[in-house]
**Student:** 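Here it is, the structure, as structure tokens.
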Amino acid sequence: NKSMAIDPKMLKSALAKFSKAEKNLATLHAVGAVLATANEPQVFFARLMDHIFDVVTADRGAIFLKEKDQFVPQVTRTAEGSREEIAVSQTILRRAVHDGVSLLTSDAAADDRFKAGASIIMQQIRSAMCVPIRGRKEVFGAIYIDSKLARGAFTNADLELLTTIAVQAGIALENSRLAQDAAKAESMAAIGLVVSGLAHDIKNYMMALKGGDFILDAIIKGIPSPEAQTAWGTLKTTHKNISDLVLDMLSYSKAREPEWSNLDVNMSVAEAASVCKDRAAQKGIEIVQHDPGRVAAVLLVTYGEPQMPATM
């Protein structure tokens with residue numbers, strides 16, 4: 001029988017790689033368990049960062065989400081376990097998110113891709129990784145880690161691990177947002193049903209009041225009292241406003257596009273003043289209505305004539 005000699009150096013290297021692969025596999029398993037049980041992004045982002053630091057030797061790390069043109073940190077961490085805010089390279093972040101690519105640099109200051117980033121030099125970043133948090137249709141943000149001490153601190157295997165974690169995080173984040181949207185839609189549908197039921201009940205009462213309005217209208221017309229005529233006019237206007245409100249409630253309870261129209265603000269203010277006038281008088285408050293033309297004159301006196309652009 002022939003025996004096969006094994007180079008100890010090769011064996012040690014193979015075992016080291018196998019150990020690293022085992023660690024990565026265990027990390028992915030732990031990440032999957034976190035995302036399966038935690039629904040809130042703030043919760044699972046913090047736990048993901050802890051798992052990343054368990055397997056990758058990094059000095060600092062952060063998870064960012066994109067809000068308009070800004071990158072908002074959701075969780076940060078240092079090698080010492082601190083959660084204090086850290087400053088990171090916006091150049092690397094923008095490249096990963098806007099291009100949707102995973103980035104690994106072994107010497108950021110000498111990397112041609114990031115030479116325009118003054119923050120890299122100022123923060124003395126040596127090694128860095130940044131991977132996009134990607135959903136099915138968009139990039140939500142990025143996971144970023146760096147080392148300020150060692151060049152070549154991260155490997156391609158580290159980048160692949162971080163990319164896989166970011167993909168899982170992106171799907172979990174998208175699912176979380178879809179669940180929130182669904183819950184909000186259900187809540188709005190429930191509110192719509194309640195509003196619709198109330199509106200129909202109020203509408204029935206208003207139909208009864210409207211029938212009484214016709215009878216009272218004929219009676220009030222025979223009363224030679226300006227105060228009675230004014231009070232009855234205010235009451236009829238209030239009845240109409242309630243009826244309009246009920247129709248608005250019925251419209252609100254159904255999914256439809258709003259119909260926009262111009263509003264006469266002076267008329268709305270006058271109606272509100274007429275409704276509150278008697279009650280205000282009982283409290284010793286006088287409501288004074290000014291002519292809209294006089295209001296415009298006051299504004300002109302206060303701010304001057306509008307300046308028209310010069311013409312040639």
**Student:** Less than 4.5 Å apart, side chain to side chain, heavy atoms only: is that true for S102 and P132?
**Tutor:**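 Of all side-chain heavy-atom pairs linking P132 with S102, at least one is under 4.5 Å.
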**Student:** If you measure from CG on L103 to OH on Y144, what distance do you get to the nearest 0.5 Å?
**Tutor:**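 It comes to 10.5 Å.
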**Student:** Show me the pairs that pass side chain to side chain donor-acceptor pair (under 3.5 Å) and involve residues 24-36, at least two apart or across chains.
**Tutor:**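 Every pair satisfying side chain to side chain donor-acceptor pair (under 3.5 Å) with a residue in residues 24-36: there are none.
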**Student:** Are any non-hydrogen side-chain atoms of R94 and V97 less than 4.5 angstrom apart?
**Tutor:** no
**Student:** Ignoring hydrogens and angles, state whether a donor on the side chain of T78 or E80 is under 3.5 Å from an acceptor on the partner side chain.
**Tutor:**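 On atom types as modelled, these side chains qualify, holding a pair under 3.5 Å.
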**Student:** CG of L173 to CZ of F45: how many Å apart, nearest 0.5 Å?
**Tutor:**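 Rounded to the nearest 0.5 Å, the CG-CZ separation comes out at 5.0 Å.
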**Student:** Between CE of M129 and CG of D146, what distance do you get to the nearest 0.5 Å?
**Tutor:** 10.0 Å
**Student:** Extract all donor-acceptor atom pairs below 3.5 Å that involve side chains of residues 153-162 and protein atoms in other chains or at least two apart in sequence.
**Tutor:**
unit_1 : atom_1 : unit_2 : atom_2 : d
T155   : OG1    : A157   : N      : 3.3
T155   : OG1    : D158   : N      : 3.2
T155   : OG1    : D158   : OD2    : 3.2
D158   : OD1    : K20    : NZ     : 3.0
D158   : OD2    : T155   : N      : 3.0

**Student:** Side-chain contact test, heavy atoms from C-beta onward, threshold under 4.5 Å: evaluate it for L35 versus L48 and give yes or no.
**Tutor:** yes
**Student:** Please round to the nearest 0.5 Å and tell me the distance separating atom CZ of F44 and atom CD of Q168.
**Tutor:**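 It comes to 11.0 Å.
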**Student:** Between S176 (side chain) and A172 (backbone), is there a donor-acceptor pair under 3.5 Å?
**Tutor:** no
**Student:** Name all residues meeting the side chain to side chain donor-acceptor pair (under 3.5 Å) criterion together with R77; count only those two or more places apart in sequence or in a different chain, and write none if there are none.
**Tutor:**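 R77 satisfies side chain to side chain donor-acceptor pair (under 3.5 Å) with D50 once adjacent residues are dropped.
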**Student:** Verify, without hydrogens or angle tests, whether T105 (side chain) and S127 (backbone) share a donor-acceptor contact under 3.5 angstrom.
**Tutor:** no
